[in-house]
Structures are given as C-alpha cells and as structure tokens.
Amino acid sequence: MATIKPAIPKGTRDFSPEEMVKRNYIFDTIRTVFKKYGYQEIQTPTMENLDTLTGKYGDEGDKLIFKVLNSGDFWAEAERRNQKAGNPEWSSKTLLPAVSEKALRYDLTVPFARYVVMHQNDITLPFKRFQVQPVWRADRPQKGRYREFYQCDADVVGSESLLNEAEFVLIYQEALSNLGLKDFTIKINNRKILSGIAEIIGKPELIVDMTVAIDKLDKVGLNGVTKELLERGFTEADIERLKPVILLEGTNGSKIDQLKAVLTSSETGLKGIAELELILEYVSLFESQTSNVEVDITLARGLNYYTGAIFEVKTNEVPMGSIGGGGRYDDLTGMFGLKGLTGVGISFGADRIYDVLQELDLFPERTSLTTQVLFSNFDTEAEKFALPLLRKLRSEGISAEVYPSPARLKKQLGYADDKKIPYVVLIGSEEMQSGLLSVKNMKTGEQAKVRAEQLFMYFKQTTDAGV
RNA sequence: GUGGUUUUAGCUCAGUUGGUUAGAGCGCCUGAUUGUGGUUCAGGAGGUCGUGGGUUCGAGCCCCAUAUUCCACCCCA
C-alpha cells in the first residue's frame with residue numbers, strides 16, 4: 001500500500017495533551033456555571049437528517065452544512081429513484097437529496113429543538129438544558145474560525161419569563177470572570193425594537209436589509225452604512241429618519257429614552273423597549289453589575305430566527321470576533337410541528353475563548369495533572385519488585401507508572417523530564433536488598449532513601465503539599 | 001463563494017540575476033558517564049524543496065494547475 005502524507009482536513013485540528021488540559025478547563029468552568037443555574041446536560045448525535053437542518057440557517061447557512069454521502073451504492077440508488085420520477089435532468093438541487101440524507105450538526109440549537117419535540121412526553125417544562133459538543137461548518141477558515149469547533153449552549157424552552165434572559169447575562173458574567181476575563185461587553189438588543197424602527201420609516205419588509213446595513217457601522221462608518229442602505233432600497237429621507245437611531249450614544253438609560261421618543265407610534269417597538277428595560281432591571285435586582293451590559297441597536301445576528309432579545313459577547317482585551325451569542329425564538333419548535341413553544345438560549349464559543357485565554361496567558365498552572373511518580377526499570381527482577389508498589393500508589397490515588405522496558409537509566413530519566421514527572425523511584429539490586437528505595441526529586445536533583453512500605457505515605461504527604 | 005498570502009530537515013526559518021554537493025538554530029541519535037535527567041563538550045543521522053505538469057543545456061527560484069496555511073470580504077462561535 002502506498003504511504004500517504006498524513007494530514008487532516010482544512011479547518012480541523014489535533015489537540016495535544018497540554019491543549020486538552022486547557023480545553024477541559026474551559027469546558028468544566030462553563031459547565032459548572034450552567035449547572036449552578038439549574039441547567040442539565042444532554043447530547044445529540046453528530047449527524048442529523050439533512051432535512052432537519054436545511055432551511056433553518058438561511059441560504060448562506062445551508063451552503064455551509066457538511067453533507068454526508070449516502071453509504072452503499074449511492075449512485076445506483078439515486079438513478080433508480082430518478083427513473084421512478086420520470087428521469088428529469090439532474091441539477092445540484094435534485095442530486096443532493098438523492099445522494100445525501102444525513103449531515104453534520106451545524107449548531108446545537110436546531111438539534112435541541114428536534115430533541116424537545118421528539119421527547120416532549122419525557123421532559124418537564126420549562127426545560128433547561130445545556131450541551132457541549134462540536135459543530136461543523138464548511139466555511140473558509142481564518143483567525144478564530146474553524147470548520148470543526150465546540151459550542152457550549154444553554155437554552156430554556158417553555159418559559160416566556162425575561163428572568164431567563166437576565167440569568168443568561170449573569171451566566172455570561174460569571175463564567176467569563178471565572179475564566180479570568182476582566183474586560184468584556186455583553187451586547188443586548190431586541191428584534192422587536194428593530195421591527196419597530198423599520199415600521200416607523202414605513203419599510204417593515206426591509207428589516208433584515210436595514211439591520212445588516214447598520215450592523216456594519218463600526219466597520220464602514222456612517223457613509224458606508226448610508227451607501228449600503230441606498231443599495232438595499234432605502235431613500236435619503238428614510239436614512240434621515242434612521243440617523244438618530246443609528247448614531248445612538250450614551251448610557252443604556254439614555255439610549256432607551258431616545259428610542260422611546262422615536263418609537264412612540266410603534267406598539268411592537270415599545271414592547272421591545274419594555275422587554276429590554278425589564279431584563280436590565282432584573283439584572284440589577286440580582287445585584288449584578290450592568291456596566292458591561294451594553295444596549296446596542298446595531299446588533300443583528302441571527303435575525304432570521306430571533307424574535308425577542310439578542311445577545312452577543314465580545315472581549316475588549318484582544319481583537320477577536322464574538323465569543324458568545326444568543327437570543328430568544330418565540331417559536332423554537334414550530335418547524336418540527338410543536339407550536340407555541342418559546343425558547344431562549346446562549347452559546348459560548350469555546351475555541352475562540354481558548355485563543356483569547358492563550359493570548360492573555362490566563363490559563364492556570366496545574367502541575368498535578370501529569371504522572372506524579374515514575375518507577376525506573378533496571379531489569380525484570382526490579383520490574384517485578386515495583387509492581388505491588390505501583391499498585392499501592394495508584395490505590396492511594398497517586399498517579400504513577402513504571403517505565404515499560406529496561407532501557408538505559410538516562411533514557412528513563414529523560415522520559416520523566418519531558419513528561420515533567422516530579423519523582424522517580426530508583427529500584428536496583430542494592431535497593432531491593434536493603435528495602436530502602438532511592439527517591440529522586442527531579443526538580444532539585446536530591447535523592448532520599450525511603451522504605452518500600454513507607455513509599456505511599458511519603459508521596460501522599462509530598463503530593464498533598466502541592467509539590 | 002470573492003480577493004490576496006504561505007508552503008524548503010521532526011520544529012522555526014535562511015537560500016543572491018535560474019548555475020557544482022540546498023544551509024542555520026532548536027530537537028533527535030551516539031559518546032564523554034556499563035545505576036542518574038534537566039547544564040556542558042565532541043560526533044552523527046535526517047530533505048521526492050507541498051503535489052502534478054510546463055519553460056530551460058540547467059529550476060528551491062520562472063509559468064500553469066491543484067492542495068494547504070494565514071488574512072480581508074460575505075457570513076459567523
């Protein structure tokens with residue numbers, strides 16, 4: 001067999017032992033906070049049926065779904081079905097469903113909605129679930145953008161209360177602070193406010209075009225936004241009316257006041273403002289800070305599905321896309337036939353958070369995660385001598401290993417060195433005769449004599465002391 | 001999907017207008033130390049120059065295609 005060049009698909013990554021320690025630290029920190037707020041973990045399959053996913057993420061999103069080719073003779077099967085249908089010409093639109101019926105998970109929200117509908121008889125509403133799993137997008141990779149990445153989602157379905165939204169603000173604050181981030185902004189907006197604005201200028205059908213354009217304010221400036229609005233069907237007069245909203249500044253309170261003034265004639269818009277106000281009030285009633293919560297009217301992500309609150313989290317310490325986002329869907333499960341169930345949720349982008357923590361050097365030192373004790377291996381006799389001692393240490397909860405072959409001691413100590421193992425127990429003929437083992441401290445280079453029976457006590461004390 | 005960029009030893013990277021045998025640092029292996037690492041010293045191995053075509057007497061260098069890296073758009077975690 002020809003040897004092939006080892007490689008992994010574009011936008012995917014291997015994770016080394018060191019990276020996994022750090023990644024698990026992030027996952028564990030976020031998980032702990034989710035649990036603390038009453039969320040329970042579920043998992044869903046890597047693959048979903050293709051029709052479960054298509055049409056849920058907009059045209060752009062559908063293109064980014066990784067499709068799985070049918071197994072078996074997919075081509076013969078496709079032709080067979082095509083004949084039944086009277087042999088129309090193949091097009092990319094008809095060929096796809098004929099050769100692919102499964103796809104990789106694109107996010108965690110849609111599979112969750114599917115889950116809720118499938119298990120509606122087994123769950124109690126409101127249902128609060130969290131999920132930490134990889135998702136896949138056939139995007140072009142770049143900084144902070146991967147084709148396989150992990151999301152940490154928490155959603156609650158079946159509760160209209162804005163208390164949920166407020167708690168999500170707290171969850172963001174708590175989880176990100178626990179991870180050591182100091183300066184981040186939780187941006188919040190409301191779809192109803194955007195609808196209200198579009199309504200006021202008499203172009204409710206252009207709400208998406210409007211928000212996509214004003215979302216770019218900090219990137220292209222007012223002139224750029226104006227240009228884009230004109231291209232998207234707005235008039236100069238519309239833009240004049242939009243200007244005060246686009247250029248909204250000041251504290252959350254003053255932004256809200258200004259919006260109220262603009263939206264007086266829009267019932268929807270005022271409802272959105274009332275929701276926003278209540279969420280902020282809840283947050284402060286929790287005696288939590290609102291200084292890193294920012295009302296941002298230009299925030300428009302996920303507009304295809306969000307109906308109420310919209311969240312986005314950005315770190316201000318390093319340049320990076322958003323590290324989290326979320327919002328409310330009034331009809332989360334409707335697409336799967338269960339009407340009238342509202343849902344709201346948030347997501348943490350673990351891979352981006354990793355990149356941020358890495359750049360800010362915020363990962364904690366944790367030395368105890370490697371092997372604590374290595375038994376040297378001089379020969380078969382010494383190896384046999386070491387095994388009961390090894391078992392004893394492990395039964396005491398001390399992670400230990402024996403070098404698996406009688407290699408030169410130099411090599412064995414080099415192994416301990418590379419793996420940052422703090423102690424090596426040397427067992428040779430001398431030690432076996434006297435029962436006094438040589439314990440080498442790899443940091444200081446010092447060697448102590450320890451009785452074989454005392455060995456576990458010796459390490460229990462030293463490792464407990466955090467060496 | 002659009003535009004640009006990267007690829008040379010295990011790793012990070014040099015490599016002149018196209019010209020003999022493609023280099024460095026680190027790592028690795030061996031020895032100084034037949035039971036002592038991390039430091040030091042001496043020596044050694046390791047390269048289809050991303051891949052496939054082309055131009056040329058001659059290509060790491062020029063041309064085309066393709067993959068890959070990173071970046072900016074679109075969009076998004």
Side-chain angles (χ1 to χ4, degrees), chain A residues 2-13 16 26 30 57-65 105-109 132-153 172 208 211-213 215-216 219-220 224 228 299-305 311-315 319-327 345-356 374 376-379 382 403 406-432 437-447:
Chain A
T3 60
I4 50 154
K5 195 178 172 182
I8 54 176
K10 187 201 299 209
T12 65
R13 296 154 297 159
S16 67
I26 294 173
I30 293 171
Y57 309 107
D59 290 341
E60 287 292 329
D62 282 357
K63 284 184 206 154
L64 301 182
I65 296 173
R105 194 196 297 127
Y106 177 90
D107 72 355
L108 301 179
T109 308
V132 178
Q133 288 191 271
V135 302
W136 292 268
R137 295 186 187 175
D139 216 345
R140 190 175 289 206
Q142 51 180 274
K143 189 183 179 70
R145 178 178 292 193
Y146 308 99
R147 292 182 131 184
E148 177 185 57
F149 61 98
Y150 275 69
Q151 287 191 329
C152 312
D153 272 33
Y172 271 135
V208 172
T211 48
V212 167
D215 186 37
K216 292 178 184 161
K219 240 181 210 166
V220 297
E228 183 144 357
L299 176 59
R301 65 189 44 247
L303 205 72
N304 284 328
Y305 30 90
F311 297 109
E312 175 172 284
V313 185
K314 294 200 72 168
T315 171
M320 175 67 72
S322 66
I323 55 174
I346 55 168
S347 180
F348 288 82
D351 300 83
R352 285 192 178 169
I353 292 173
Y354 183 101
D355 292 346
V356 171
L374 175 74
S376 69
N377 189 334
F378 282 32
D379 49 42
Y403 198 86
R408 293 197 338 279
L409 189 56
K410 184 178 176 139
K411 180 140 183 145
Q412 302 189 31
L413 290 171
Y415 173 80
D417 224 24
D418 277 350
K419 217 170 157 182
K420 298 191 168 55
I421 298 173
Y423 292 98
V424 176
V425 179
L426 301 167
I427 304 174
S429 52
E430 199 183 296
E431 282 85 357
M432 284 189 283
L437 310 183
S438 301
V439 176
K440 185 175 177 75
N441 179 326
M442 294 300 284
K443 215 172 201 171
T444 62
E446 286 165 8
Q447 265 174 236

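Everything numeric here is computed off the predicted structure, so don't read it as measured data. Just the heavy atoms: all of them, side chains too, but no hydrogens, waters or symmetry mates, feed the values below. Convention: sequence-line order gives letters A, B, ...; per-chain numbering from 1.
Using a 4.0 Å heavy-atom distance criterion, A/S376 is classed as making no nucleic acid contact. Within the 4.0 angstrom heavy-atom criterion, base atoms lie near A/G445. At the heavy-atom level, A/Q151 lies under 4.0 Å from the strands shown only through sugar-phosphate atoms. A/Q412 comes within 4.0 angstrom of nothing in the nucleic acid, heavy atoms only. Using a 4.0 Å heavy-atom criterion, one finds that A/G144 contacts the bases of the nucleic acid, with or without backbone contacts as well. A/L409 comes within 4.0 angstrom of a base, heavy atoms only. A/D351 comes within 4.0 angstrom of no nucleic acid atom, judged by non-hydrogen atoms across all strands. Nucleic acid contact for A/L64: none, since no nucleic acid atom lies under 4.0 Å from a heavy atom of the residue. Here A/K216 lies in heavy-atom contact (under 4.0 Å) with sugar-phosphate atoms only. Residue-level contact check: A/S347 touches neither bases nor backbone, having no heavy atom under 4.0 Å from any strand. If you check every strand for non-hydrogen atoms under 4.0 Å, A/Y146 touches a base. Residue-level contact check: A/R408 touches the backbone only, with heavy atoms under 4.0 Å from sugar-phosphate atoms and none from bases. Nucleic acid contact for A/K440: base, since at least one base atom lies under 4.0 Å from a heavy atom of the residue. Within the nucleic acid shown, A/G326 has no heavy atom closer than 4.0 Å to any nucleic acid atom.
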query = Where do A/Y172 and A/F348 land on the ring-ring contact (aromatic ring centres under 6.0 Å, His included) test, with the steps shown first?
reply = CA-CA 8 Å; A/Y172 271 135; A/F348 288 82; 5.0 Å; yes
query = Which is it for A/L409 and A/L426 under the side chain to side chain contact (heavy atoms under 4.5 Å, CB included) test, yes or no, and what are the steps along the way?
reply = CA-CA 9 Å; A/L409 189 56; A/L426 301 167; 3.8 Å; yes
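Judged by distance alone, with hydrogens and angles left aside, the side-chain atoms of A/R352 form a donor-acceptor pair with the main-chain N or O of A/G144 at under 3.5 Å.
A donor N or O paired with an acceptor N or O is not found under 3.5 Å between the base of B/rC76 and the side-chain atoms of A/R140. The base of B/rG35 is paired with the side chain of A/E431 by a donor and an acceptor separated by under 3.5 Å. With hydrogens and angles ignored, no donor-acceptor pair closer than 3.5 Å exists between the side chain of A/K410 and the base of B/rU36.
With both ends at atom C1', the span from B/rG18 to B/rG58 equals 8 Å, rounded to whole Å.
The CZ atom of A/R147 sits 12 Å away from the P atom of B/rC70 (whole-angstrom rounding). Counting to the nearest Å, the C1' atom of B/rC70 and the CZ atom of A/R145 are 13 Å from each other. The distance between atom CG of A/L437 and atom C1' of B/rU36, rounded to the nearest whole Å, is 16 Å. Protein atom CH2 of A/W136 is 17 Å distant from nucleotide atom C1' of B/rC76, rounded to whole Å. A/Y106 has its OH atom 7 Å from the P atom of B/rA77, to the nearest Å. Whole-Å rounding puts the A/K143 NZ to B/rC76 C1' distance at 16 Å. Taking atom CD of residue A/E430 and atom P of nucleotide B/rU34, one finds them 16 Å apart after rounding to whole Å.
Taking each heavy atom of A/I427 and A/S376 in turn, the nearest pair found is N-OG, 3.3 Å.
Rounding to the nearest 0.5 angstrom, the gap separating the CD1 atom in A/I421 from the CG atom in A/L374 is 4.5 Å.
Proximity of A/D153 to A/Q133: side-chain heavy atoms (C-beta onward) are nowhere separated by under 4.5 Å.
B/rU66 and B/rG50 make up a base pair, with Watson-Crick or G-U wobble contacts both under 3.5 Å.
Here A/F378 does not count as stacked on B/rG35, because the ring centres are not under 5.5 angstrom apart with planes under 30°.
Below 30°, between 30° and 60°, or above 60°: for A/Y106 and A/Y57 the angle between ring planes is between 30° and 60°, a tilted geometry.
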